[in-house]
Amino acid sequence: MDYQFKAIEEKWQNFWAQNQTFKAETNSSRPKYYVLDMFPYPSGAGLHVGHPLGYIASDIFSRYKRLKGFNVLHPMGYDSFGLPAEQYAIQTGQHPAITTEANIATYRRQLDQIGFSFDWSREVRTSDAGYYKWTQWIFMKLFNSWYNLETDRAEDIVTLIEKFQISGNAEVKAVCDEDIVSFLPSDWSAFNEEEKQALLLKYRLTYLKESTVNWCAGLGTVLANDEVKDGFSERGGFPVEQKKMMQWSMRISAYAERLLQGLDTIDWPEPVKEMQRNWIGKSVGASVKFKIETEDIKLATQDYIEVFTTRVDTIFGVSFIVLAPEHELVSILTTEAQKQDIENYIAQTKKKSELDRMADTKTVSGAFTGSYVINPVNNEKVPIWIADYVLAGYGTGAVMGVPSGDQRDWLFATHFNLPIIQILDGQKNIENEADATKEGRYINSGFIDNLGYKEAVSYLNHWLEREGVGKAKVNYRMRDAIFGRQRYWGEPIPVYFKNGLPYLIQEEELPLVLPEIDKYLPTESGEPPLARAEDWSPCHGETYELSTMPGWAGSSWYWYRYMDSQNDEAFASKDAISYWKDVDLYIGGSEHATGHLLYSRFWNKFLKDLGFVNEEEPFKKLINQGMIQGRSNFVYRVVDEEGRGTNKLVSYGLRKDYKTTALHVDVNIVEHEVLDIEKFKAFRPEFADAEFILENGKYICGVEVEKMSKSKFNVVNPDVLIEGYGADTLRMYEMFLGPLEQSKPWNTNGIEGVFKFLRKFWRLFHNEEWVFGVNDGEPTKTELKALHKIIKKVQDDIERFSFNTSVSSFMIAVNELTDLKCKNRSVLTDLVVVLSPYAPHICEELWELLGHTDLSNTPYPTFNPAYLEENEFAYPVSINGKMKMNLNLSLSLDEAAVKEIVLSNEQVRGYLEGKEAKKIIFVKGKIVNIVI
RNA sequence: GCUCGGAUGGUGGAACUGGUAGACACGCAGGACUUAAAAUCCUGUGCCCUCAACAGGCGUGCGGGUUCGAUUCCCGCUCCGAGUACCA
């Protein structure tokens with residue numbers, strides 16, 4: 001029979017499902033290998049052709065590893081909490097669980113028909129109570145933990161309480177809130193329960209804090225920094241503003257250094273590591289306290305301004321101090337005379353949106369408070385200004401202005417006529433711009449005069465510390481992550497409030513199930529949707545936390561759940577965790593670089609600190625598959641003088657002769673840029689009797705690369721391709737498109753080539769009448785050579801994730817064997833195994849026809865280099881590096897022999913034109929190059 | 001602005017450690033089969049000169065360098081894409 005892909009694919013998909021072929025057993029004697037895909041959010045649109053790209057690659061890899069004798073864990077699930085289902089619920093009133101369930105069914109159908117080797121028995125869904133029970137459980141562990149800087153790990157909160165009881169908090173080195181007041185052990189025991197709880201909250205790894213958040217009114221919720229892009233929400237594109245709110249936060253900053261260091265131990269793409277490094281934003285410098293001059297100002301909390309600087313060596317060049325307009329000391333520091341100025345400036349800043357403030361980096365602005373500080377190193381009086389180029393959220397919200405060494409400070413000083421003090425003899429041209437050099441010796445710099453950069457920094461750090469006015473300090477840009485959303489469709493936070501303080505519910509009460517509500521909107525009083533739930537209260541009239549967890553909660557640990565997804569005693573058994581350990585290969589999009597991948601590393605490190613898991617890093621190797629962009633097609637509608645559309649459409653090549661507007665046309669009715677006019681008329685009935693101006697009898701469409709989306713009519717659905725060509729063709733074609741990690745526009749042109757290849761492969765096993773038949777007997781040398789070439793090539797390619805090149809090589813192998821009229825059983829049997837990770841259905845069918853079973857666990861053929869050995873090689877002979885001719889020579893010849901043969905060769909002599917060869921380069925098996 | 005990618009025929013791409021640039025596929029052109037079309041098969045296909053062949057010249061974004069030899073290494077630049085953005 002001809003290649004009947006539809007019947008074959010259905011048959012083997014059913015077979016795999018019934019036999020649970022890909023069910024992974026924990027504790028096998030075979031070595032483990034864990035291949036993970038970033039699990040999808042099941043959107044209503046279903047999969048388009050870009051989504052499976054990474055899944056296909058990981059599936060090929062998994063199937064290959066299985067053939068290579070590994071016990072492979074390759075699971076799939078759904079990140080099923082999320083905004084779209086809830087937005088849909090708001091519009092239609094349909095419960096998001098129902099929408100989600102329906103969407104998952106679509107995803108599952110689409111995934112199944114591509115023939116993935118997922119172990120579906122381990123499927124997880126983050127919105128299942130059986131799953132989010134453990135998300136909530138991890139939250140409780142975080143609540144009950146603090147970060148001990150002495151042991152450099154998270155510990156149970158009881159060890160902190162012990163320290164408080166023994167020695168108060170003076171000796172405690174912890175990552176905690178900044179507004180900690182020190183207390184003695186006696187104070188601690190005197191505190192009442194609520195005072196104790198309020199204090200502990202400042203140390204917990206998840207904590208409530210009044211903080212400035214990204215409030216998105218359009219979505220009715222706060223967003224994490226990584227969910228905001230250029231001042232707009234990543235989902236939906238609504239404007240985002242800064243707002244103060246009481247919010248749950250995760251103390252990820254405690255792990256900043258470990259998150260940074262860990263990057264050096266994992267095999268990830270450099271850009272992703274770089275993004276994480278930037279996000280963490282480590283800077284090494286010093287904090288310095290500048291004492292405030294307190295003549296006519298009453299100071300409430302402190303008498304100094306603390307700044308952070310990475311150039312403490314420039315401290316003698318300070319000619320002003322700048323505070324962020326939001327800095328808490330601004331109102332106190334402002335003198336009566338300057339009050340109007342400062343208030344105007346703050347009002348003006350507030351009017352500017354975050355976006356304007358970021359966009360406008362050229363204009364210098366600021367205002368003088370009227371107050372001064374004393375520079376600790378030289379007792380100079382320095383004016384205090386405010387300016388919006390200083391950010392409240394970074395460092396201390398205050399900087400020291402050194403105009404000679406920092407361009408922004410230079411601009412500020414020039415604009416406001418403040419002194420510019422040279423501090424290094426190496427600084428040049430500081431009348432015109434700042435010079436940030438570290439070269440040379442210090443001048444005008446008191447006790448560090450004549451020192452070099454390194455000595456100066458170390459001297460100053462010691463000096464500041466000794467004087468009690470500063471110290472060396474490392475600062476991180478990364479802020480703690482906001483962990484609450486004022487939305488319905490997420491994990492309830494397992495917390496209730498008593499007298500305004502948060503308490504955990506009992507572990508036995510988990511999961512805290514999402515209650516039913518009547519509408520998915522905030523209440524009239526502006527409370528989150530959960531406030532609508534009736535009778536939803538733990539006891540005695542207390543109320544549960546009403547916000548839910550953010551989208552990244554469920555995905556920050558899901559790879560552990562796959563290890564033991566049915567366990568209801570633990571998120572995964574000790575046994576399963578110590579067997580599967582970590583993810584060996586993780587494939588997904590780079591858009592998760594600073595969100596999911598950072599949070600996951602954070603939770604993983606936390607779980608390790610508490611002894612629940614074993615590895616410091618969860619994902620050993622990461623690969624980013626490139627984005628598949630859409631490739632839009634256009635028709636060109638002729639417009640009249642007034643710009644109105646006419647009923648004429650002109651082909652791409654002729655459009656210059658007319659005034660036209662481009663209209664998107666469904667890419668599914670265009671083939672090789674030629675429009676199917678009949679289908680077009682059905683697609684756009686208003687053009688049913690339009691006039692088509694053709695070129696060479698065809699209507700040619702224009703092309704542009706854009707995002708793949710419904711509105712651009714450029715979505716290609718894998719279902720359509722599977723219908724026409726089958727899953728094996730789709731799998732191979734997606735790989736054939738180009739390197740996995742490269743972004744590229746989808747283009748269905750060319751899929752025929754892969755389909756033809758599979759037919760040709762099928763034909764190798766069949767005669768002219770499509771009757772299956774192979775020959776027994778010894779394979780020939782050339783057959784073995786073709787076979788072993790592909791055995792080696794595919795194994796090399798897969799190990800370095802170069803899937804596109806293997807597809808070409810398969811084509812070459814099949815072309816060669818076809819030319820050889822190879823029907824040899826042993827050669828073809830091995831070939832089936834080698835191809836099976838890429839095209840599993842057709843290979844299973846042929847495997848069965850060859851009389852075998854259990855292809856998925858057959859050993860990968862062993863490569864034998866002996867079959868590739870050549871005794872002759874067609875040496876390229878070049879003259880001065882330019883290739884002229886090939887010369888067939890035995891590979892056993894040594895350099896001297898080859899030179900002699902080459903020089904005496906008639907044709908070579910012709911090229912030499914009688915000239916003397918100055919030098920002959922000979923690389924065995926590679927090249928002969930004659931220099932004249 | 002800074003950081004990281006990338007640029008090879010009409011198209012997707014290959015060339016893995018400096019050694020025959022353009023594999024493989026699409027498209028296109030021509031041919032076979034057919035009443036015809038589809039399917040299939042065969043041949044050609046980087047550009048220029050040439051009727052064609054032979055031979056030759058040019059050719060991996062641009063300019064230079066290292067080397068017997070550079071798509072590959074180094075320096076400078078252009079363009080495209082991604083990330084980030086007053087981070088003190």
Side-chain angles (χ1 to χ4, degrees), chain A residues 2 229-230 269-275 277-279 281-283 285 307-312 314 322 324 357-364 387-391 393-402 405-409 411-412 475-478 590-591 593-594 624 626-627 629 672-673 703 705 733 736-739 741-754 756-757 759-760 793 796-797 799-800 802 804-813 815 874-886 917-923 925-932:
Chain A
D2 197 351
K229 291 270 178 295
D230 302 326
E270 205 46 52
V272 176
K273 290 196 197 182
E274 200 56 33
M275 273 189 248
R277 285 191 194 106
N278 289 337
W279 194 262
K282 180 180 183 176
S283 44
V307 303
F308 175 74
T309 175
T310 53
R311 287 297 300 274
V312 69
T314 64
V322 192
R357 225 170 124 169
M358 284 197 293
D360 181 20
T361 59
K362 295 278 184 303
T363 328
V364 178
D388 65 3
Y389 81 86
V390 175
L391 306 175
Y394 184 72
T396 57
V399 305
M400 57 184 217
V402 183
D406 182 286
Q407 186 59 21
R408 284 162 326 188
D409 295 346
L411 287 170
F412 194 82
N475 209 33
Y476 298 93
R477 191 174 78 107
M478 183 167 65
S590 59
E591 66 273 21
T594 49
N624 291 131
M627 239 212 343
Q629 294 140 309
H672 293 300
E673 321 322 339
V703 183
V705 172
Y733 185 60
F736 188 59
L737 229 42
E741 302 186 64
Q742 205 168 295
S743 284
K744 55 228 155 193
W746 177 266
N747 188 348
T748 307
N749 300 347
I751 196 167
E752 291 275 348
V754 172
K756 278 193 226 164
F757 155 76
R759 271 192 87 198
K760 209 165 170 183
K793 175 74 175 156
D796 291 352
D797 282 352
E799 304 278 357
R800 65 193 171 99
S802 173
N804 56 323
T805 49
S806 333
V807 179
S808 307
S809 306
F810 279 125
M811 289 174 174
I812 294 169
N815 288 346
Y875 278 97
V877 178
S878 19
I879 313 278
N880 288 340
K882 282 198 197 298
M883 215 286 275
K884 294 290 179 188
M885 56 180 280
N886 285 99
K918 273 189 210 147
K919 195 174 172 187
I920 298 175
I921 312 287
F922 170 76
V923 183
K926 294 271 188 202
I927 201 166
V928 179
N929 186 17
I930 305 170
V931 187
I932 55 174

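Only heavy atoms go into these numbers, but all of them, side chains included; no hydrogens, no water, no symmetry mates. Numbered from 1 within each chain, the chains take letters A, B, ... in sequence-line order.
- Between the side chains of Lys760(A) and Asn815(A), a donor-acceptor pair is found at a separation under 3.5 Å.
- Contact detail for Gly925(A) and Tyr875(A): the closest heavy-atom pair is N-OH, 2.9 Å.
- For the C1' atoms, the distance linking rA23(B) with rU45(B) amounts to 15 Å, nearest Å.
- Regarding contacts with the backbone of rA25(B), a side-chain N or O of Asn815(A) is found under 4.0 angstrom from either OP1 or OP2.
- Taking only side-chain nitrogens and oxygens, Lys756(A) comes nearer than 4.0 Å to OP1 or OP2 of rC26(B).
- When all heavy atoms of Met275(A) and Ala593(A) are compared, the closest pair comes out as SD-CB, 3.7 Å.
- Here the separation of rG22(B) from rG10(B), taken at their C1' atoms, is 14 Å to the nearest Å.
- The same atom, C1', is picked in rA15(B) and in rG9(B); the two are 15 Å apart, to the nearest Å.
- Under 3.5 Å, the side chains of Ser802(A) and Thr805(A) contain a donor-acceptor pair of N or O atoms.
- Residue contacts for Met883(A): at a heavy-atom cut-off of 4.0 Å it reaches a base atom on one of the strands shown.
- Between Arg277(A) and the phosphate of rU84(B), there is no side-chain N or O to OP1/OP2 separation shorter than 4.0 Å.
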Could you list the protein-to-nucleotides 11-14 of chain B atom pairs, N/O on both sides, closer than 3.5 Å?
from	atom 1	to	atom 2	distance (Å)
rG12(B)	O2'	Leu737(A)	O	2.6
rG13(B)	OP1	Gln742(A)	NE2	3.2
rG13(B)	O3'	Asn804(A)	ND2	3.4
rA14(B)	OP1	Asn804(A)	ND2	2.8

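- Asp406(A) comes within 4.0 angstrom of nothing in the nucleic acid, heavy atoms only.
- Under 4.0 Å is where a charged nitrogen must lie from a carboxylate oxygen, and between Asp796(A) and Arg800(A) no such pair does.
- Side chain to side chain, Asn624(A) and Ser590(A) fail the donor-acceptor criterion of an N or O pair below 3.5 Å.
- Between Ser590(A) and Arg311(A), the residue anchored closer to the 5' end of RNA chain B is Ser590(A), taking for each the nucleotide with the nearest heavy atom.
- One P atom belongs to rA32(B), the other to rA37(B), and the distance between them is 11 Å to the nearest Å.
- Its glycosidic angle being more than 90° from 0, rG22(B) falls on the anti side.
- Between Trp279(A) and Tyr476(A), the distance separating the two ring centers is not shorter than 6.0 angstrom.
- Glu270(A) comes within 4.0 angstrom of nothing in the nucleic acid, heavy atoms only.
- Using atom C1' as the reference point in both rG13(B) and rC24(B), the two lie 9 Å apart (nearest Å).
- Stem regions annotated for RNA chain B: B:1-7 with B:78-84, B:10-12 with B:24-26, B:27-32 with B:40-45, B:46-48 with B:56-58, B:61-65 with B:73-77, counting only runs of 3 or more consecutive pairs of Watson-Crick or G-U type with both contacts under 3.5 Å.
- Annotation: rG46(B) and rU34(B) have their C1' atoms spaced 35 Å apart (nearest Å).
- The gap from the P atom of rC16(B) to that of rG64(B) amounts to 26 Å, rounded to the nearest Å.
- Taking the charged nitrogens against the carboxylate oxygens, Glu270(A) and Arg277(A) do have a contact shorter than 4.0 Å, which makes a salt bridge.
- Of the C1' atoms belonging to rU43(B) and rC33(B), the separation is 15 Å, rounded to the nearest Å.
- Ion pairing between a basic and an acidic side chain is recognised when a charged N comes within 4.0 Å of a carboxylate O; Arg759(A) and Asp2(A) show such pairing.
- Within the 4.0 angstrom heavy-atom criterion, base atoms lie near Val923(A).
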